[in-house]
Protein chains: 2
Amino acid sequence: MTTIRDVAKLAGVSPSTASRVLHDSDMISEATKKKVRQAMKELDYSPNYLAQNLANKSNNMIGIVLPVRHDQPALSNNPFFMQIIQGIVTVCNQRNYMVSLATGQTDEELITNLTTLSKQGQINKFIFVYSKENDPVFDYVQKRTEAETIVVGSPYAKVTKRARYVNNDNVQAGKDLTNYLLKRGYQEVAYVYSNLSEVVQEDRYMGYKDALKAKAEHLLCLESSDQTELVANFLETNPEVDAFVACDDMTAIFLQQILTRLGLAANAYGLAGFNNSLIGQLVHPSLTSVEIHPYELGMEAAKLLTQATTKNYLLVEHTIIKRDSTK
Amino acid sequence: MTTIRDVAKLAGVSPSTASRVLHDSDMISEATKKKVRQAMKELDYSPNYLAQNLANKSNNMIGIVLPVRHDQPALSNNPFFMQIIQGIVTVCNQRNYMVSLATGQTDEELITNLTTLSKQGQINKFIFVYSKENDPVFDYVQKRTEAETIVVGSPYAKVTKRARYVNNDNVQAGKDLTNYLLKRGYQEVAYVYSNLSEVVQEDRYMGYKDALKAKAEHLLCLESSDQTELVANFLETNPEVDAFVACDDMTAIFLQQILTRLGLAANAYGLAGFNNSLIGQLVHPSLTSVEIHPYELGMEAAKLLTQATTKNYLLVEHTIIKRDSTK
DNA sequence: TTGTAAGCGTTATCAG
DNA sequence: CTGATAACGCTTACAA
């Protein structure tokens, strides 16, 4: 391992000078900067973060908090962890931050792990990649630690300087998607959800309602692709409906399967979902969906933590991906 | 932040003694151990890893290598990243290892990031959570670094002490699943795949073939739920087929959709997949599938790296989850 | 069995 | 502008 002393020696300067060059201090002459940088290159030097952090009492680590293992809702609510994480990691790598992970089997275990991470003085910046109501883990971090926190997802708690959010504008997305269907010529659009008590589904529903204006609302609650009867009844009671906005792609696909099973043609109804999941692209007819850009969500969350900023609530754009399921 | 000096002072010993107690050295008397531990408890002390690692020139960090962002195949091949990662993190947290992440937009960027991590002397243990043929990133780590590596997935390269694997026995799983269908009374089982050049699909196919023994093989290549014609033709040419083993749940679901579209009853054919994906449970009829225990895969990978062991190839058990799609 | 002191690689303070 | 020196928190010879 080559250290900053080696660099200094080769460049014929003192370690402190070399250190200053490393940080591009403006109290160093261009001449020596050149010399030192040359030496760094020759020795293929890269600084030791452990030592840097120890000396600085700083730390360039951010912790990603994953949902606990058995938290099915949190896990399935958000099929984009990987992409969010990739976004976070990309930004952090660029900015020379290390990314560490924390999770556990249970809330208690996760809290213990987070405490350890935070007490060791290693990490005082966390990104929660899930968002859920009354999360004891989140509450703990807020109350018992000094850590700065970003949540990716819908805010359940109050937004503060120490608890900031990166999210999509789900209300707007719901509105946009519904309007898109209306513009495509569909007359009566229904909203399909699985659990309205989830903020995301609720937000998208608000947007849907908003887009309808004078038009009548049609609501269908669908939890699996088993519920053929339920859908048949719905179609009978709501014969005017000619399109569906589903709260997510999975729900949309369940509906699609049921419609097929009911013997309806592929394009009998307009159908659109959210999240632009892989499976939605491959299904027949391929599903129009709202891309929510999870990668960008992750990037923004990481940026918020790695730079001075006043923002504490940040919205990431969405995009409607038009496919065959909407005429 | 409370340091080991604080502990030592409170316990009335020297820092080195306190340090020794921290590591349960056997050259310290039980009496002083007790005193020191008491002090640690009182002060709620926990050691600073940065300092420990710096002093030790050791490092208790392992790096998880994610596929690069645009590597769709690697990403969709493996819908279990999150669970694998949770397994890894759980074990590492228990054993006081930190987990760090690396990824990038491109192979080059990822390689740069890994080099940095490794040169800084921070990390010399990596877990690749994806496995792919001729991966330049993997090759780089093998050839240019001293790092120990574990790959979760099918080995593409030679297994060595420095490149170890944790995987399922996919051949056996293919065999087991096919045999299960045969035992259920299905007579002629077909294998459905999307790309046989992927080791996983190929392995499962080998197992399928193995289970058939005297029986005839039937192969169907299906890439999306669009291909209604293709399936109709297949059924015509292979009228004796009464069940399908699909290379994964997604493929199974595509087939299920097409069969429905062809007007066939839900249980006209037996159908089973692999991976026990969420969507397979919710689909109608719910899908029999092989659970491959990704969480355990992650745990085993982490164990391999955090304890002395001679094993360099480890198989994790699979389980057939029986649902409605197989009578 | 315990304490002293040097050192891990870096940075910050203070002199020059 | 640059260089010595002490310090970050911990470990480990070496000494006692």
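Every chain is numbered from 1 and lettered A, B, ... according to where its sequence line falls, protein lines coming before strand lines. Atom set for the values below is all heavy atoms of this structure, side chains included, hydrogens, waters and symmetry mates excluded.
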Colleague: Closest nucleotide of DNA chain C for B:T17 versus for A:S46: which of these residues is on the 5' side?
Modeller: B:T17
Colleague: Starting at atom NE2 of B:H23, determine the distance to atom P of D:dC10, rounded to an integer number of angstrom.
Modeller: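 In whole Å, D:dC10 P lies 9 Å from B:H23 NE2.
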Colleague: Atom NZ of B:K9 to atom P of D:dC10: distance rounded to whole Å?
Modeller: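 Whole-Å distance recorded here is 13 Å.
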Colleague: May I ask you to say what B:I4 touches in the nucleic acid, namely base, sugar-phosphate or nothing, with a heavy-atom cut-off under 4.0 Å?
Modeller: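 It contacts sugar-phosphate atoms only.
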Colleague: Can you tell me how far C1' of C:dT10 sits from CG of A:N96, to the nearest Å?
Modeller: 15 Å
Colleague: Figure out the CG/P separation between A:L22 and C:dG9, and round it to whole Å.
Modeller: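 Atom CG in A:L22 sits about 15 Å away from atom P in C:dG9.
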Colleague: Separation of B:L50 atom CG from C:dG9 atom C1', in whole Å?
Modeller: 12 Å
Colleague: Could a donor-acceptor pair under 3.5 angstrom be found where the side chain of A:S16 meets the base of C:dT10?
Modeller: no
Colleague: Just how far, in rounded Å, is C1' of D:dC8 from CG of B:N53?
Modeller: 14 Å
Colleague: Is the shortest side-chain N/O distance from B:Q52 to OP1 or OP2 of D:dT11 below 4.0 Å?
Modeller: yes
Colleague: C:dT2, C:dT10, D:dT2: which one has an atom nearest the side-chain heavy atoms of A:M27?
Modeller: D:dT2
Colleague: Using atom types as modelled and distance alone, determine if a side-chain donor or acceptor of A:K33 lies under 3.5 Å from a backbone N or O of A:S25.
Modeller: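 Indeed, once roles are kept as given, a pair shorter than 3.5 Å links the two residues.
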Colleague: Do the two ring centres, one from A:F128 and one from A:Y130, sit under 6.0 Å apart?
Modeller: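 Distance test on ring centres: under 6.0 Å, yes.
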Colleague: Let me know, please, whether A:A55 or B:V13 comes out on the 5' side of the other along DNA chain C by nearest nucleotide.
Modeller: B:V13
Colleague: Given atom CG of A:N59 and atom P of C:dG9, what is their separation to the nearest angstrom?
Modeller: 21 Å
Colleague: Quick one: is C:dT11 close enough that its OP1 or OP2 comes under 4.0 Å of any side-chain N or O from A:S19?
Modeller: yes
Colleague: In Å and rounded to the nearest 0.5 Å, what is the CZ to CG distance from B:R37 to B:D24?
Modeller: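 Here the rounded value is 5.0 Å.
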Colleague: Check the surroundings of atom CD in A:Q105: do more than 12 heavy atoms from other residues, nucleotides or ligands lie under 6.0 Å from it?
Modeller: yes
Colleague: Heavy atoms only, 4.0 Å cut-off, all strands: where does B:Y45 land among base, sugar-phosphate and nothing?
Modeller: sugar-phosphate
Colleague: Is the shortest side-chain N/O distance from A:S29 to OP1 or OP2 of D:dC1 below 4.0 Å?
Modeller: no
Colleague: Using atom types as modelled and distance alone, determine if a side-chain donor or acceptor of A:K125 lies under 3.5 Å from a backbone N or O of A:L305.
Modeller: yes
Colleague: Other residues, nucleotides and ligands only: do more than 12 of their heavy atoms fall within 6.0 Å of CD on B:E42?
Modeller: yes
Colleague: How many Å lie between CE on A:M40 and P on C:dT10, as a whole number?
Modeller: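 About 9 Å, once rounded to whole Å.
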Colleague: Considering just the side-chain nitrogens and oxygens of B:N56, establish if one lies under 4.0 Å of OP1 or OP2 belonging to C:dC8.
Modeller: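 Result: no.
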Colleague: Would you say a side-chain N or O of A:T3 is under 4.0 Å from OP1 or OP2 of C:dG9?
Modeller: no
Colleague: Counting heavy atoms from C-beta on, name the nucleotide in C:dT4, D:dA4, D:dG9 closest to the side chain of A:R20.
Modeller: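 Nearest nucleotide to the side chain: D:dA4.
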Colleague: Is there a side-chain polar atom (N or O) of A:K57 under 4.0 Å from OP1 or OP2 of D:dG9?
Modeller: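 For D:dG9, OP1/OP2 do have a side-chain N/O of A:K57 under 4.0 Å.
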